[in-house]
Undergrad: 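Pasting a structure below so you can have a look.
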Amino acid sequence: MACTRILLVDSHPISLTGLRTILDGCPDLEVVAVAEDGTGAAARFRELRPDVVVVNSHTGAAEALACVCALSRPAPPRPANVLVLLDNVDAAAGQVLRVGVRGLLSSASGSGELAAAVRATAAGRPAGVPARAAGAVAAPLRRLTDRETEVFKLVARGFSNAEISRELTLSESTVKFHIQRIMEKLGLRNRVHAVIFAYEKELIRVGS
């Protein structure tokens with residue numbers, strides 16, 4: 001059985017060692033290279049063409065975005081399948097997913113969750129979607145009202161409640177109500193799952 005080849009990007013030697021130990025401990029996964037930053041990751045990606053790039057970001061979205069942008073310049077023959085680990089996934093979901101990241105995972109996730117997310121990312125599937133969301137109906141927006149659909153699309157693009165309020169000329173309390181209803185109707189747990197769900201179902205596309 002061919003192993004999934006992984007490029008691991010982490011600026012902290014201790015956490016990098018821990019992640020490598022976890023991933024190399026799975027018989028179907030192999031860390032083929034490591035890098036400390038986006039520049040190093042880009043060089044190693046072009047040299048080795050790994051199946052997945054796992055970016056462990058210690059400073060939030062900014063570090064992850066810098067790495068992803070480095071991987072995409074100049075445009076490689078095929079885009080990297082990137083999985084980003086973040087301390088606060090919800091706060092950075094919109095920013096990170098908009099640049100083409102396939103998966104987001106909390107840095108506090110267990111080893112089994114990490115391995116599963118790597119496998120999903122390698123297969124080209126968004127990682128981090130709860131099972132009930134992944135099995136939602138084929139036309140999920142039919143569950144929403146027109147206004148809820150407008151709100152949902154802005155949430156999926158990373159808009160904050162205040163930004164949605166200004167964009168749609170609604171009070172923030174009304175926006176919060178719509179978001180709560182959207183989560184209930186689509187079976188989503190939080191905003192990050194809403195963002196990933198929208199990309200998985202191709203309700204929005206990278207760069208849109």
Side-chain angles (χ1 to χ4, degrees), residues 38 54-72 79 82-110 113-114 116-117 120-121 125-208:
V54 177
V55 180
N56 190 19
S57 180
H58 298 275
T59 60
E63 184 178 16
L65 289 171
C67 184
V68 174
C69 289
L71 287 167
S72 63
V82 181
L83 171 68
V84 172
L85 309 182
L86 290 167
D87 291 337
N88 190 340
V89 175
D90 291 294
Q95 299 176 65
V96 175
L97 288 174
R98 273 186 287 185
V99 296
V101 169
R102 286 198 177 275
L104 290 174
L105 198 65
S106 168
S107 301
S109 298
E113 292 175 294
L114 173 61
T121 303
R125 301 192 306 271
V129 183
R132 58 178 176 167
V137 295
L141 288 187
R142 292 178 185 172
R143 296 184 176 200
L144 308 180
T145 66
D146 290 344
R147 179 61 84 185
E148 288 168 350
T149 299
E150 291 178 318
V151 172
F152 177 68
K153 288 182 176 180
L154 293 177
V155 169
R157 288 181 169 86
F159 281 56
S160 67
N161 286 3
E163 290 169 333
I164 295 172
S165 173
R166 291 193 295 272
E167 182 74 16
L168 299 180
T169 319
L170 299 172
S171 68
E172 287 196 44
S173 62
T174 299
V175 171
K176 290 179 182 178
F177 172 77
H178 284 312
I179 291 174
Q180 180 180 352
R181 292 288 294 155
I182 290 165
M183 299 299 179
E184 291 172 356
K185 288 182 177 182
L186 298 183
L188 304 171
R189 294 184 301 183
N190 52 40
R191 294 175 80 104
V192 66
H193 291 146
V195 174
I196 297 175
F197 179 80
Y199 276 89
E200 183 190 39
K201 298 298 181 183
E202 297 186 346
L203 303 177
I204 60 173
R205 298 177 182 274
V206 175
S208 61

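Owing to the predicted nature of the structure, the values given are computational and were not obtained by experimental measurement.
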Undergrad: Can you name the side chain to side chain contact (heavy atoms under 4.5 Å, CB included) partners of E172, sequence neighbours left out?
TA: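 Partners of E172 under the side chain to side chain contact (heavy atoms under 4.5 Å, CB included) test: N161, A162, S165.
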Undergrad: Do the non-hydrogen side-chain atoms of V54 and T121 ever get within less than 4.5 Å of each other?
TA: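 SC-SC contact between V54 and T121 ruled out.
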Undergrad: Enter the distance from S106:OG to L86:CG here, rounded to the nearest 0.5 Å.
TA: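 That separation rounds to 8.5 Å.
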Undergrad: Checking S171 now: which residues fulfil side chain to side chain contact (heavy atoms under 4.5 Å, CB included) with it, not counting sequence neighbours?
TA: S173, T174
Undergrad: Rounded to the nearest 0.5 Å, what separates atom CG in L144 from atom CG in L186?
TA: 5.0 Å
Undergrad: Work out which heavy atom in L83 is nearest to a heavy atom in L104; give both atom names and the distance.
TA: CD1-N, 4.0 Å
Undergrad: With sequence neighbours excluded, what pairs up with T169 under the side chain to side chain donor-acceptor pair (under 3.5 Å) test?
TA: none
Undergrad: Where do L170 and V175 come nearest, in terms of heavy atoms and distance?
TA: CB-CG2, 4.1 Å
Undergrad: Looking at CZ of F152 and CG of L188, how far apart are the two atoms once the value is rounded to the nearest 0.5 Å?
TA: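 If I round to the nearest 0.5 Å, the distance is 6.5 Å.
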Undergrad: Within this structure, what is the CG-NE2 distance for the pair L154 and H178, rounded to the nearest 0.5 Å?
TA: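 The CG atom of L154 sits 11.5 Å away from the NE2 atom of H178.
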Undergrad: Name all residues meeting the salt bridge (charged side-chain N to carboxylate O under 4.0 Å, His left out) criterion together with E150; count only those two or more places apart in sequence or in a different chain, and write none if there are none.
TA: R147
Undergrad: Distance check, rounded to the nearest 0.5 Å: E113 atom CD versus L105 atom CG?
TA: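 So the CD of E113 and the CG of L105 are separated by 6.0 Å.
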Undergrad: For E184, enumerate each residue passing the side chain to side chain contact (heavy atoms under 4.5 Å, CB included) test, keeping only those at least two apart in sequence or located in another chain.
TA: Q180, R181
Undergrad: Would the number of heavy atoms belonging to other residues, nucleotides or ligands and lying under 6.0 Å from NZ of K185 be above 12?
TA: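 Atom NZ in K185 is packed in, count exceeds 12.
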Undergrad: Please walk me through it: do V155 and I182 pass side-chain contact (heavy atoms from CB on, under 4.5 Å)?
TA: CA-CA 10 Å; V155 169; I182 290 165; 5.7 Å; no
Undergrad: Taking side chain to side chain donor-acceptor pair (under 3.5 Å) as the test, write out the residues that go with R166, two or more places apart.
TA: none
